[in-house]
Amino acid sequence: MRDFYGVTLQTPMMLGTAGYPSPATMEAAFRSSGASVATVSLRREQGAGQTFWDMVRGLGVHLLPNTAGCHSAREAITTAQMAREYFRTDWIKLEVIGHADTLQPDPFGLLEAAEALCADGFKVFPYTTEDQVLAARLVEAGCRVLMPWGAPIGSGMGLNNIHGLRTLRAAFPDVAMVIDAGLGLPSHAAKAMEMGFDAVLLNTAVAEAGDPAAMARAFALGAQAGALAAASGPMGVRDMAAPSTPLIGKAWL
């Protein structure tokens, strides 16, 4: 597994902390998933109280603050600076939203904020699209991780652009990549890992499940299965059938 700014994650699972029925349910989901990273929002945690913050810290995972809800580079930069002081980490999941309905990243604001934050010593995890030109600019700015979306946030659609994601992965073989947003089923996580991505990040599919802890475990198993499949060297797709049983020993009539 590729490292994330010098950190090798124990599992390819990143999980959000928003939208759970209760803090206890969130904690159970994390324990069940074995997630290595928890994404946290500065705005949410500031209003949640010390008890919730202590619970998040007690999970024993890497914290990845995010700039969720920011719609400009300036707003995202300020939020990131505040998050670094509050959470005591240089890691930041950079979100600069450009479209209110799809929550698609604003490529111009994202690059502007990434350049400023990388120059300020942040370890930036940009939430981006599968656009290769934008990806190249983000890497040039200093981002050593990319987080392309699978589908719009909270949609559960899975991987909307298989070709785009596959070519993005191939174009930057040495850059750690996380499929972020839109995953709705464990099979989506498995597919992402089979394609060679290094981790998956999700929230809504677990938080809104009937049994969040069970769903978190299912996603963890899906991601692990996909990673093992990718490492095992899967067979190529063929245009025609190929018999698995040899003809040797076949009875000739």
Side-chain angles (χ1 to χ4, degrees), residues 1-2 4 9 11-16 18-19 29 33 35-37 39 64 66 68 93-99 101-107 110 125-136 138-139 143 145-209 212 215-237:
M1 181 183 294
R2 295 173 184 82
F4 294 79
L9 302 181
T11 67
M13 184 82 168
M14 300 182 179
L15 194 57
S33 72
S36 295
V37 175
T39 58
L64 179 58
N66 64 44
K93 179 190 171 187
L94 179 60
E95 297 183 29
V96 182
I97 301 302
H99 193 278
D101 292 333
T102 65
L103 301 182
Q104 179 173 325
D106 172 1
L110 180 66
F125 294 64
Y127 165 61
T128 182
T129 65
E130 63 275 25
D131 187 301
Q132 289 192 43
V133 176
L134 176 57
L138 290 169
V139 171
C143 298
V145 178
L146 296 175
M147 304 185 77
W149 66 347
I153 295 172
S155 69
M157 295 179 183
L159 306 179
N160 270 359
N161 186 356
I162 295 292
H163 173 73
L165 291 170
R166 197 186 302 278
T167 54
L168 178 68
R169 174 69 281 179
F172 300 89
D174 299 323
V175 177
M177 290 193 190
V178 182
I179 291 294
D180 175 21
L183 303 183
L185 294 170
S187 57
H188 298 157
K191 181 64 176 178
M193 299 302 297
E194 288 170 4
M195 292 167 59
F197 287 89
D198 302 289
V200 294
L201 193 160
L202 57 138
N203 191 162
T204 307
V206 170
E208 295 186 0
M215 185 61 77
R217 178 62 176 159
F219 265 97
L221 292 173
Q224 292 168 16
L228 182 59
S232 299
M235 64 173 284
V237 177

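The figures that follow rest on heavy atoms only: side chains count, while hydrogens, waters and symmetry mates do not.
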Sidechain-backbone polar pair: D198 side chain, V178 backbone, donor-acceptor under 3.5 Å: no
Minimum-distance pair of heavy atoms, taken over all atoms of A207 and P212: O-CG, 4.1 Å
CA sep, side-chain torsions, deciding dist, call: M195, I179, side chain to side chain contact (heavy atoms under 4.5 Å, CB included): CA-CA 11 Å; M195 292 167 59; I179 291 294; over 6 Å; no
Close side-chain approach of L15 to V37, heavy-atom, < 4.5 Å: no
Distance in Å, L64 CG paired with K93 NZ, rounded so as to fall on 0.5 Å steps: 7.5 Å
N161 versus E130, closest heavy-atom pair with distance: ND2-OE2, 2.8 Å
pair P152-D101: side-chain heavy atoms closer than 4.5 Å: no
Minimum side-chain heavy-atom gap F219-V200 below 4.5 Å: no
4.5 Å side-chain heavy-atom contact, L165 and P148: yes
Candidate pair L183 and L159, rule side chain to side chain contact (heavy atoms under 4.5 Å, CB included), full reasoning: CA-CA 7 Å; L183 303 183; L159 306 179; 3.9 Å; yes
Expected output: side-chain S36 to main-chain T11 donor-acceptor under 3.5 Å: yes
Nearest-0.5 Å distance, CZ of residue F197 to NZ of residue K191: 11.0 Å
Minimum heavy-atom distance between M215 and A205, given as atom pair plus value: CG-O, 3.5 Å
Point-to-point distance, once rounded to the nearest 0.5 Å, from CE of M177 to CZ of F4: 11.0 Å
Rounded distance (nearest 0.5 Å) linking atom CD of E95 with atom OG1 of T128: 11.5 Å
Mutual orientation of the aromatic rings belonging to Y127 and W149 [parallel < 30°, tilted 30-60°, perpendicular > 60°]: perpendicular
Check: N203 side chain, A18 main-chain N or O, donor-acceptor pair, under 3.5 Å: yes
Passing option when D180 is tested against L146, L201, T39 for side-chain contact (heavy atoms from CB on, under 4.5 Å): L201
Least distance between heavy atoms, L228 atom then S232 atom: O-OG, 2.6 Å
Smallest separation among heavy atoms of G158 and H188, with atom names: CA-ND1, 3.4 Å
Taking every non-hydrogen atom, the tightest pair across P234 and A229: CD-O, 3.3 Å
